[in-house]
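Positions are given from 1 along the sequence. Just so you know, these numbers come straight off a predicted model, no measurement behind them.
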Amino acid sequence: MSNTIQSEIKFNVELDENRVPEKLTWSAQDGGVQAEEAKAIMLSIWDSKAKETMRIDLWTKDMPVDEMKIFFHQTLVAMADTFKRATDDEKMSDTMKDFCDYFAEKLELTK
């Protein structure tokens with residue numbers, strides 16, 4: 001018999017009358033996070049039966065566009081790192097990071 005441990009991550013979305021997110025908070029007790037505010041969330045879930053990705057992309061109506069660009073860039077970089085760890089495909093990970101550099105340059109995120 002296996003002793004499993006469960007961990008829970010919760011997202012709370014407060015909507016306006018048009019169902020547009022006004023406030024996002026998240027909690028992860030194991031990580032010491034309790035009702036921390038966020039301006040955007042991107043969540044990808046792999047459905048192995050359907051062989052497809054399900055996604056939840058939310059951002060508050062007061063999320064600044066310049067911060068959204070940074071959020072996307074950092075997410076892309078993290079995806080390249082995760083891809084490397086998950087597949088050990090260094091060549092493709094490096095290619096992804098090259099695109100991240102291009103993305104940052106075109107959006108003038110680099111200083």
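A side-chain donor-acceptor contact under 3.5 Å links His73 to the backbone of Cys100. Checking side-chain atoms of Thr110 against main-chain N and O of Glu105 turns up no donor-acceptor pair under 3.5 Å.
For the pair Phe72 and Met42, the minimum side-chain heavy-atom distance is below 4.5 Å. Using a 4.5 Å cut-off on side-chain heavy atoms (C-beta onward), Glu8 and Gln29 make no contact. Side-chain contact between Glu37 and Trp26 is absent, with no heavy atoms from C-beta onward closer than 4.5 Å. Between Asp57 and Ile41 there is no side-chain heavy-atom pair separated by less than 4.5 Å. For the pair Leu43/Ile45, a side-chain contact is recorded, criterion being any heavy-atom separation below 4.5 Å from C-beta on. Two residues are said to be in side-chain contact when any heavy atoms from C-beta on lie closer than 4.5 Å; Arg85 and Thr82 meet this criterion. Counting heavy atoms from C-beta outward, Pro21 and Glu14 have side chains that stay 4.5 Å or more apart. Annotation: side chain of Thr25 is not in contact with side chain of Phe11 (no heavy-atom distance under 4.5 Å).
Atom NZ of Lys91 and atom CE of Met96 lie 15.0 Å apart (nearest 0.5 Å).
The pair Lys106-Glu108 does not meet the salt-bridge criterion, since no charged nitrogen lies less than 4.0 angstrom from a carboxylate oxygen. Salt-bridge annotation for Lys84 and Asp88: present, with a side-chain N of the basic residue lying under 4.0 Å from a carboxylate O of the acidic one. Checked for salt-bridge contact, Lys61 and Glu22 meet the test: a charged N lies under 4.0 Å from a carboxylate O.
Trp59 and Val13 fall into different hydrophobic clusters, where Ile, Leu, Val, Met, Phe, Trp and Tyr side chains are chained together by heavy-atom contacts under 4.5 Å.
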